[in-house]
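Only heavy atoms go into these numbers, but all of them, side chains included; no hydrogens, no water, no symmetry mates.
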Amino acid sequence: MARFGFASPRLIDDFVARLGQTGYVAMERQPEDSRVRLLKPTERLLAWDREWMAAHFAPLDLLYPDPGYGPPGRRDPAFQAVHAGAALAAFDAIIAMTWSNLEIVFFLSATSALIILLSFFSMGGADPESRIRESDLAHLAPRFGVSRTHIRNILAVARERGFLTRSGPRNAFIRLTPRWTTAFDRFIADSLAQSDLTYRLALRAMGADALYRG
């Protein structure tokens, strides 16, 4: 991840340590060198990953039910294991796709930024007739474990990027712009395309394309 510029080595170390503290990763001593720790995913992490895969492949299964994307939806552990290894071949393409969506990258990396904007969107924030005020988003702070100031800062950045506009008396009303909708739609489309790619790579690695299409 450091090689692709998404995080520093120190941040990665802290993240891995946190995974260990929360029971998602087990750290075992390397028999040949006691200074080295081997990372092993726990069943808690593997179960969470299967749920993550099911959620992310569900839109593709809805769009293309024939032949569909059965294994992720079934939380198939065998498919999960093969997919994890096969997906590495697509990693460079996935990173390139991410950087081609630079307008969204900031909101992916800032704490809860994307989910805040999505929640705003689900409230009708893209409606030209929207009369949503910044204070109407205050309930998101405890929900996502952030401060109201953090939400205000995210909205300020969204406005700087042309994703948000203000109107009405004293600019009291906030609204997401068509530029936000276009940028997010493109990101979703590109993400689904990459998910399909990793799915096909996994099927090929299993040597059972026809078997696992169901």
Side-chain angles (χ1 to χ4, degrees), residues 1-9 11-31 36-101 104-105 107-109 111-115 118 144-145 184-214:
M1 298 308 296
R3 178 166 67 92
F4 292 110
F6 284 119
S8 68
L11 182 60
I12 294 170
D13 285 344
D14 290 343
F15 180 67
V16 171
R18 182 60 178 162
L19 289 176
Q21 293 167 1
T22 52
Y24 286 101
V25 168
M27 300 184 188
E28 301 177 350
R29 289 182 180 274
Q30 164 71 292
V36 176
R37 295 293 182 273
L38 301 178
L39 303 180
K40 181 180 180 180
T42 64
E43 180 53 36
R44 184 181 183 187
L45 177 60
L46 294 174
W48 180 90
D49 182 57
R50 288 192 291 271
E51 294 301 321
W52 185 94
M53 290 177 63
H56 282 74
F57 279 101
L60 283 169
D61 197 54
L62 180 66
L63 290 168
Y64 306 103
D66 184 16
Y69 295 78
R74 295 195 299 268
R75 282 77 168 170
D76 185 339
F79 177 83
Q80 176 190 27
V82 175
H83 180 269
L88 293 176
F91 207 65
D92 286 334
I94 293 171
I95 296 299
M97 178 279 292
T98 303
W99 284 118
S100 71
N101 288 271
I104 298 294
V105 166
F107 299 97
L108 288 173
S109 58
T111 303
S112 299
L114 189 58
I115 196 65
L118 287 176
F144 299 128
F184 186 69
D185 282 353
R186 177 188 172 185
F187 173 72
I188 290 297
D190 286 348
S191 298
L192 291 177
Q194 295 301 326
S195 293
D196 178 73
L197 172 60
T198 61
Y199 180 79
R200 300 300 162 188
L201 289 172
L203 293 187
R204 185 181 305 170
M206 296 186 81
D209 185 270
L211 175 64
Y212 269 83
R213 282 183 177 182

Quiz item: Sub-3.5 Å donor-acceptor pair from the side chain of Glu28 to the main-chain atoms of Lys40, do we have one?
Solution: no
Exercise. Start with the C-alpha gap between Phe184 and Leu118, add the side-chain angles, then the distance that decides, and say whether side-chain contact (heavy atoms from CB on, under 4.5 Å) holds.
Key: CA-CA 10 Å; Phe184 186 69; Leu118 287 176; 3.3 Å; yes
Quiz item: Just wondering, are more than 12 heavy atoms of other shown residues or ligands nearer than 6.0 Å to OH in Tyr64?
Solution: no
Quiz item: In Å, rounded to the nearest 0.5 Å, how long is the span from CD1 of Ile188 to CG of Asn101?
Solution: 9.5 Å
Quiz item: What are the two closest heavy atoms between Ala86 and Ala205, and how far apart are they?
Solution: CB-CB, 4.3 Å
Self-check item: Heavy-atom closest pair, residues Leu38 and Arg29
Solution: CD1-O, 4.4 Å
Quiz item: Measuring from His83:NE2 to Asp76:CG, what's the distance to the nearest 0.5 Å?
Solution: 12.0 Å
Self-check item: Under 3.5 Å donor-acceptor, His56 side chain and Trp52 backbone
Solution: yes
Self-check item: Heavy-atom closest pair, residues Leu201 and Ala90
Solution: CD1-CB, 3.8 Å
Quiz item: Does Asp49 have any salt bridge (Lys or Arg N to Asp or Glu O under 4.0 Å) partners at least two apart in sequence or in another chain, and if so, which?
Solution: none
Quiz item: Please walk me through it: do Leu197 and Ile94 pass side-chain contact (heavy atoms from CB on, under 4.5 Å)?
Solution: CA-CA 10 Å; Leu197 172 60; Ile94 293 171; 6.0 Å; no
Quiz item: With Arg75, which residues qualify under salt bridge (Lys or Arg N to Asp or Glu O under 4.0 Å), at least two apart?
Solution: Glu51
Exercise. Mind listing the closest non-hydrogen atom pair of Gly73 and Ala54 along with its distance?
Key: CA-CB, 4.4 Å
Practice problem: Look at the side chain of Thr42 and the backbone N and O of Gly23, then say whether any donor-acceptor pair between them is shorter than 3.5 Å. | Solution: yes
Quiz item: Parallel under 30°, tilted from 30 to 60°, perpendicular over 60°: which one fits the rings of Tyr199 and Phe57?
Solution: tilted
Quiz item: Which atom pair, heavy atoms only, marks the closest approach of Asp61 to Gly68?
Solution: OD1-CA, 3.3 Å
Quiz item: With a 4.0 Å cut-off, would you call Asp14 and Arg18 a salt bridge?
Solution: no
Self-check item: Exercise: identify the closest heavy-atom pair between Arg186 and Ser100
Solution: NH2-O, 3.3 Å
Quiz item: Are the side chain of Arg50 and the backbone of Leu45 linked by a donor-acceptor contact shorter than 3.5 Å?
Solution: no
Quiz prompt | Test item: Ser195 and Leu60 side chains (from C-beta on) under 4.5 Å apart, heavy atoms | solution = yes
Exercise. Take Tyr69 and Met53, measure what side-chain contact (heavy atoms from CB on, under 4.5 Å) needs, and give me the verdict at the end.
Key: CA-CA 11 Å; Tyr69 295 78; Met53 290 177 63; over 6 Å; no
Exercise. Compare all side-chain heavy atoms of Gln194 with those of Ser191 and state whether any distance is below 4.5 angstrom.
Key: no
